[in-house]
Structures are given as structure tokens and as C-alpha cells.
Student: 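I'd like to ask you about the structure that follows.
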Amino acid sequence: MLKRTLVGLLRSHEQTGEKARDPLLKTRYYKLSKDKLWEEVVSTLKRINGYKILHEVPTVGEIVVEKKTITGRRQDITLTLFAITPVKSAVDIYSASRGSLGDLGSNYRTILDIYNELDRKLSAYKIT
């Protein structure tokens, strides 16, 4: 976590992906259709305190969320859901802080928080 804080001095964004170096930032796969995963993700985000859904585009598979940090800065978080097969879908997250200075690792922690909530709710469907 100290490493992420130090990296966060200069960088104010973080993202997940297939080729992420950090195993915690790898794309998450679930054994659900994209539509069902969409419903579960939206209901989970509405349940988590501090997150506000700004925009939803189901046809594209994109959810834009805003989170206000303890220091008063705002983070813009984009969740992208995409279908791999009719019964397998995936979630990627991009999080960026508004402002010019680094985020001290808060975007990294935000992504992990969202993934942990999704993994807890969808543990029966998670593909490792």
C-alpha cells in the first residue's frame, strides 16, 4: 500500500485491464449474461455509501459514477461491462481524480473497494 501511495504522489488515475501488472487490478469475469451483470452492478453501486451514479448507457455497457473523497476531491469512475459469451461477462474500471496533484493511491483503493463489493455479492458467479 505504501508503494501505491508513493506512486499516487504523481499520478491521479488508475485502471484495470487484462494486462495489468498488479493482480488485484486484473479484469474481473463473471458467469452471468451482460444484462444480468448490469443489474447486479447497478444495484451494488446504489447500495454503497458515497457513490453517486451520474450516467448509465446499457447499450454500450458503461456506468459513470462519482465519489467524493475525505479530502473533498471528486473521483470520476467509469465501469465498463462487456459480454465475452452469452453467459460470461467482464468488468473493467477506470478511476481518475479531479485536480492537478496526485491522488495518494485513492483511485487504487476505490477500484479495490468496488471489486471487493462485486466479488462479495457475485461470489457464486466469479470466474477465477
Side-chain angles (χ1 to χ4, degrees):
M1 217 32 114
L2 178 63
K3 177 184 172 190
R4 285 290 165 182
T5 303
L6 294 175
V7 168
L9 288 171
L10 303 173
R11 189 167 55 181
S12 62
H13 65 88
E14 195 66 63
Q15 68 183 12
T16 65
E18 221 11 73
K19 297 179 182 180
R21 290 183 185 171
D22 187 337
L24 297 175
L25 294 178
K26 296 268 186 192
T27 302
R28 295 291 204 277
Y29 294 94
Y30 299 96
K31 196 171 189 173
L32 288 169
S33 68
K34 181 182 170 189
D35 295 333
K36 183 65 177 161
L37 181 62
W38 180 273
E39 293 170 15
E40 296 292 339
V41 169
V42 169
S43 70
T44 301
L45 289 172
K46 287 180 179 177
R47 201 183 70 226
I48 304 173
N49 287 336
Y51 291 85
K52 178 182 173 186
I53 296 177
L54 299 178
H55 191 66
E56 297 177 40
V57 186
T59 55
V60 178
E62 195 169 273
I63 305 168
V64 178
V65 181
E66 180 183 72
K67 178 186 177 192
K68 190 173 181 181
T69 63
I70 296 170
T71 60
R73 291 182 74 179
R74 297 195 187 275
Q75 292 176 327
D76 296 312
I77 306 156
T78 303
L79 287 87
T80 307
L81 285 67
F82 46 96
I84 307 298
T85 66
V87 293
K88 181 181 174 185
S89 301
V91 178
D92 269 328
I93 303 173
Y94 177 82
S95 180
S97 296
R98 295 180 193 169
S100 60
L101 298 175
D103 65 0
L104 298 176
S106 67
N107 286 303
Y108 177 78
R109 290 186 297 275
T110 297
I111 289 173
L112 294 184
D113 287 344
I114 293 171
Y115 268 165
N116 288 337
E117 285 293 323
L118 291 175
D119 289 347
R120 185 177 358 204
K121 184 171 183 181
L122 302 172
S123 61
Y125 305 104
K126 186 175 179 191
I127 300 171
T128 53

Student: Which residues, ordered by chain and number, are linked to Ile127 in its hydrophobic cluster, where ILVMFWY side chains connect at heavy-atom gaps below 4.5 Å, directly or through other members?
Tutor: Tyr29, Phe82, Ile84
Student: Please report the closest heavy-atom contact between Arg98 and Arg73, naming both atoms and the distance.
Tutor: O-NH2, 2.7 Å
Student: Which heavy-atom pair separates Lys34 from Leu81 by the least distance, and what is that distance?
Tutor: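 It is CE-O, 3.6 Å.
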Student: Please determine whether side chain to side chain contact (heavy atoms under 4.5 Å, CB included) holds for the pair Val41 and Tyr30, giving the CA-CA distance in whole Å, both sets of side-chain angles, and the decisive distance to 0.1 Å.
Tutor: CA-CA 11 Å; Val41 169; Tyr30 299 96; over 6 Å; no
Student: Taking C-beta and beyond as the side chain, do Leu37 and Tyr125 meet within less than 4.5 Å on heavy atoms?
Tutor: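 They are not in side-chain contact.
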Student: Tell me the closest heavy-atom pair linking Tyr115 and Val91, and the distance in Å.
Tutor: OH-O, 2.8 Å
Student: Applying side chain to side chain contact (heavy atoms under 4.5 Å, CB included), can you list everything that pairs with Ser33, at least two apart in sequence or on another chain?
Tutor: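 Testing Ser33 for side chain to side chain contact (heavy atoms under 4.5 Å, CB included), a comparison that skips the adjacent residues, returns Asp35, Lys36.
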Student: Does Thr16 use its side chain to pair, donor to acceptor, with the backbone of Ile93 at less than 3.5 Å?
Tutor: yes
Student: Indicate the atoms forming the closest heavy-atom contact of Asn107 with Glu14, along with that distance.
Tutor: CB-CB, 3.9 Å
Student: Spell out, as yes or no, whether a donor-acceptor pair under 3.5 Å connects the side chain of Thr27 to the backbone of Asp92.
Tutor: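 No.
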Student: Got a sec, which residues hit side chain to side chain contact (heavy atoms under 4.5 Å, CB included) with Ser123, two or more places apart in sequence or on another chain?
Tutor: none
Student: So which heavy atom on Gln75 is nearest to which on Thr110, and how close?
Tutor: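 In terms of heavy atoms, the two residues are closest at OE1-OG1, 2.8 Å.
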Student: Taking the side chain as everything from C-beta on, heavy atoms only, tell me whether Lys67 gets closer than 4.5 Å to Ser95.
Tutor: no
Student: With heavy-atom distances below 4.5 Å as the criterion, would you say the side chains of Leu118 and Arg28 are in contact?
Tutor: no
